[in-house]
K.L.:
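Quick one: the structure is below, and I'll ask about it shortly.
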Amino acid sequence: MPDLATPLIAWYRESARDLPWRREGFGAWGVLVSELMLQQTPVARVVPHLEAWLERWPTPAALATDAPADAVRQWANLGYPRRALWLHRAAVEIRDRHAGIVPRDVDALLALTGIGDYTARAVAVFAYGDRHPVVDTNTRRVLARSVDGRSQPGPPSKRDLAAMEAILPADAEAAAIVNAAAMELGAVVCTARAPACDSCPIADRCAWRAAGYPDTGDERRRRARYEGSDRQARGAVLKVLRDAALHAVPLDDLIADWPDPRQRDRAIDSLIADGLAEAWGGMLRLPR
DNA sequence: GAGCCGTGGTT
DNA sequence: TAACCAAGGCT
């Protein structure tokens with residue numbers, strides 16, 4: 001297999017974006033918060049929210065002291081509000097089980113709420129400098145193209161970690177850069193739709209390019225439309241709860257004009273089931 | 001493993 | 001405009 005690490009490292013040093021969590025000494029808590037926010041939310045929307053979050057809660061213990069409701073409110077419109085809940089739970093777990101220090105061990109990280117294969121290794125590598133493969137959706141696309149000669153990666157699997165491991169240098173610091181560089185390349189050059197192969201540092205050794213850019217994309221399942229969905233109803237309810245000045249809203253007033261009353265009730269029930277809301281004397285509020 | 005879970009920008 | 005997409009994780 002051609003050497004991908006060397007050109008990736010050189011390219012990353014030259015042209016990586018200057019992002020907050022890449023600053024020297026950003027800290028493991030900052031990295032952890034950033035990674036949670038970046039789960040399915042674009043970088044540009046995360047940056048301002050991240051800075052506000054860390055200003056309010058500079059440590060896991062600080063967040064753990066406040067109520068989940070505060071986390072959900074601060075999360076604002078970042079999307080997937082359960083991540084705010086997960087982050088709060090993780091903060092409590094870090095305070096109670098790790099003396100307030102974000103763990104370094106991958107298995108300990110994996111045991112935290114909301115932290116999976118990607119985020120655990122991202123923290124261990126980018127915050128602590130340990131040597132692990134870090135694989136996100138960008139990396140999977142870069143590897144699918146440059147190594148496998150395919151236009152799109154297959155479904156995520158445990159094999160992804162081995163595929164990334166195969167291109168990592170032995171040195172931990174260099175390996176961390178290659179991990180970051182693969183993600184960065186997928187984010188800004190080797191993009192899903194219109195890859196900028198002309199400015200790609202590994203174009204000369206890319207299997208997909210060598211094969212003539214075959215379209216190997218398997219038909220993906222189309223996602224249900226958002227308009228009129230349960231998700232939209234949940235989002236509307238939660239927005240009302242976040243914005244409520246008195247932090248509780250009479251159930252009867254809650255998106256009372258929603259077109260589908262049964263969907264409205266379903267949204268409220270599911271939010272309660274998820275721990276994102278709680279009934280309180282005929283009212284609904286964020287979790288205390 | 002498929003389905004589910006928000007939000008807003010881009011094409 | 002409707003569809004697609006963006007540093008995943010959980011059930």
Side-chain angles (χ1 to χ4, degrees), chain A residues 12 16-17 19-22 26 30-50 72 75-87 89-90 109-127 133-143 152-161 164 176 179-195 217-242 266-267 269-271 273-277:
Chain A
Y12 186 83
R17 292 169 293 176
L19 298 171
W21 45 91
R22 291 175 176 167
F26 193 68
V31 171
L32 177 55
V33 175
S34 75
E35 295 298 350
L36 260 293
M37 288 185 171
L38 287 164
Q39 291 172 6
Q40 302 286 283
T41 299
V43 167
R45 273 188 33 228
V46 163
V47 171
H49 286 277
L50 173 66
V72 173
W75 196 260
N77 63 343
L78 277 176
Y80 291 143
R82 55 179 52 176
R83 289 181 295 156
L85 217 49
W86 290 345
L87 185 48
R89 286 179 193 160
L109 286 160
L110 284 170
L112 299 174
T113 302
I115 297 193
D117 283 324
Y118 164 74
T119 306
R121 289 173 178 79
V123 170
V125 171
F126 301 136
V134 181
V135 178
D136 75 336
T137 186
N138 291 307
T139 294
R140 297 198 317 106
R141 184 172 55 253
V142 167
L143 291 175
Q152 302 293 342
S157 86
K158 293 294 184 183
R159 293 189 299 275
D160 298 336
L161 288 175
M164 186 61 193
N179 277 311
M183 294 169 58
E184 182 78 356
L185 190 71
V188 303
V189 174
C190 192
T191 53
R193 262 183 295 186
D218 41 355
E219 60 275 11
R220 341 190 85 187
R221 299 202 57 75
R222 287 224 332 255
R223 208 175 59 176
R225 55 186 293 114
Y226 183 66
E227 193 70 24
S229 67
D230 282 16
R231 301 159 84 143
Q232 185 185 35
R234 284 167 55 104
V237 170
L238 210 54
K239 176 169 173 51
V240 171
L241 293 185
R242 284 199 309 264
R266 196 161 62 237
D269 289 344
S270 71
L271 286 170
D274 289 348
L276 279 165

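Reminder, nothing fancy here: chain letters follow the sequence lines and each chain counts from 1. Just so it is clear, the structure is predicted and the values come from calculations on it, not from any experiment.
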K.L.:
If I pick the P atom on dG6(B) and the same atom on dT1(C), what distance separates them, to the nearest angstrom?
P.N.:
26 Å

K.L.:
Given the P atoms of dA6(C) and dG1(B), what is the spacing between them in whole Å?
P.N.:
22 Å

K.L.:
I'd like to check the salt bridge (Lys or Arg N to Asp or Glu O under 4.0 Å) partners of Arg22(A); sequence neighbours left out, ordered by chain and number.
P.N.:
Glu184(A)

K.L.:
Quick one: label Ala44(A) by what it contacts on the DNA or RNA (base, sugar-phosphate, nothing), any heavy atom closer than 4.0 Å.
P.N.:
nothing

K.L.:
Apply salt bridge (Lys or Arg N to Asp or Glu O under 4.0 Å) to Arg89(A) and list each qualifying residue two or more places apart in sequence or on a separate chain.
P.N.:
none

K.L.:
Base, sugar-phosphate alone, or nothing: which one does Arg242(A) contact when heavy atoms must sit under 4.0 Å apart?
P.N.:
sugar-phosphate

K.L.:
Would you kindly give the CG-to-P distance between Leu276(A) and dC4(B), to the nearest whole Å?
P.N.:
18 Å

K.L.:
Given atom CZ of Arg234(A) and atom C1' of dG3(B), what is their separation to the nearest angstrom?
P.N.:
13 Å

K.L.:
Classify Gly116(A) by what it touches in the nucleic acid, base, sugar-phosphate, or nothing, heavy-atom distance under 4.0 Å.
P.N.:
sugar-phosphate

K.L.:
DNA chain B: Arg82(A) or Pro155(A), which has the more 5' nearest nucleotide?
P.N.:
Pro155(A)

K.L.:
Want to settle it: does Glu35(A) or Leu112(A) sit nearer the 5' end of DNA chain C, counting the closest nucleotide to each?
P.N.:
Glu35(A)

K.L.:
Provide, to the nearest angstrom, the distance between the CG atom belonging to Leu36(A) and the P atom belonging to dT7(B).
P.N.:
17 Å

K.L.:
Report yes or no: does Arg121(A) contribute a side-chain atom to a donor-acceptor pair with the main-chain N or O of Val135(A) at less than 3.5 Å?
P.N.:
no

K.L.:
List every contact pair, protein side and nucleotides 8-11 of chain B side both N or O, where the distance is under 3.5 Å.
P.N.:
{"from": "dG8(B)", "atom 1": "OP1", "to": "Asn77(A)", "atom 2": "ND2", "distance (Å)": "3.0"}

K.L.:
Tell me whether Asp230(A) is salt-bridged to Arg234(A), with the criterion being a basic N under 4.0 Å from an acidic carboxylate O.
P.N.:
no

K.L.:
Can you name the side-chain contact (heavy atoms from CB on, under 4.5 Å) partners of Gln232(A), sequence neighbours left out?
P.N.:
Tyr226(A), Glu227(A), Ser229(A), Trp258(A)

K.L.:
Look at all strands and tell whether Ser34(A) reaches a base, only sugar-phosphate, or nothing, counting heavy atoms closer than 4.0 Å.
P.N.:
nothing

K.L.:
I'd like to check the salt bridge (Lys or Arg N to Asp or Glu O under 4.0 Å) partners of Asp269(A); sequence neighbours left out, ordered by chain and number.
P.N.:
none

K.L.:
Could you work out, with side-chain contact (heavy atoms from CB on, under 4.5 Å) as the rule, every residue matching Val240(A), not counting sequence neighbours?
P.N.:
Val249(A), Leu254(A), Ile255(A)

K.L.:
Nearest-Å distance, OH (Tyr226(A)) to P (dC5(B))?
P.N.:
10 Å

K.L.:
Reading DNA chain C 5' to 3', which nucleotide is the first, and which the last, to come under 4.0 Å of any heavy atom in chain A?
P.N.:
dA3(C) to dC10(C)

K.L.:
Who passes salt bridge (Lys or Arg N to Asp or Glu O under 4.0 Å) against Asp160(A), sequence neighbours left out?
P.N.:
Arg140(A)

K.L.:
Identify, between Arg22(A) and Trp86(A), the residue whose nearest nucleotide on DNA chain C lies closer to the 5' end.
P.N.:
Arg22(A)

K.L.:
In whole Å, what is the span from the NE2 atom of His49(A) to the C1' atom of dT7(B)?
P.N.:
10 Å

K.L.:
Please report the distance separating the P of dT11(B) from the corresponding atom of dA7(C), rounded so that it comes out in whole Å.
P.N.:
14 Å

K.L.:
Over all strands shown, is Leu85(A) touching base, sugar-phosphate only, or nothing at heavy-atom distances under 4.0 angstrom?
P.N.:
nothing

K.L.:
Nearest whole angstrom, please: distance from the P of dT7(B) to the CG of Leu38(A).
P.N.:
18 Å

K.L.:
Taking atom CZ as the centre, does Arg17(A) end up with more than 12 heavy-atom neighbours from other residues, nucleotides or ligands that are less than 6.0 angstrom away?
P.N.:
yes

K.L.:
Rounded to the Å, how far apart are Leu271(A) CG and dC5(B) C1'?
P.N.:
11 Å

K.L.:
For Pro81(A), which contact category applies under a 4.0 Å heavy-atom criterion: base, sugar-phosphate, or nothing?
P.N.:
sugar-phosphate

K.L.:
Closer than 3.5 angstrom, by distance alone: can the side chain of Thr41(A) be matched with the main-chain N or O of Leu38(A) as a donor-acceptor pair?
P.N.:
no

K.L.:
Please enumerate all residues that pass side-chain contact (heavy atoms from CB on, under 4.5 Å) together with Ala122(A), with sequence neighbours excluded.
P.N.:
Glu35(A), Tyr118(A), Phe126(A), Val134(A)

K.L.:
How is Thr139(A) classified with respect to the nucleic acid when contacts are heavy atoms under 4.0 Å: base, sugar-phosphate, or nothing?
P.N.:
nothing

K.L.:
Just call it for Trp75(A): base, sugar-phosphate, or nothing, with non-hydrogen atoms closer than 4.0 Å on any strand.
P.N.:
nothing

K.L.:
If you assign each of Ala224(A) and Lys239(A) to its closest nucleotide in DNA chain B, which residue comes earlier from the 5' end?
P.N.:
Ala224(A)

K.L.:
Looking at every strand, decide which applies to Arg121(A) at a 4.0 Å heavy-atom threshold: base, sugar-phosphate, or nothing.
P.N.:
nothing

K.L.:
Measure from CG on Asp274(A) to C1' on dC4(B) and round the result to the nearest Å.
P.N.:
10 Å

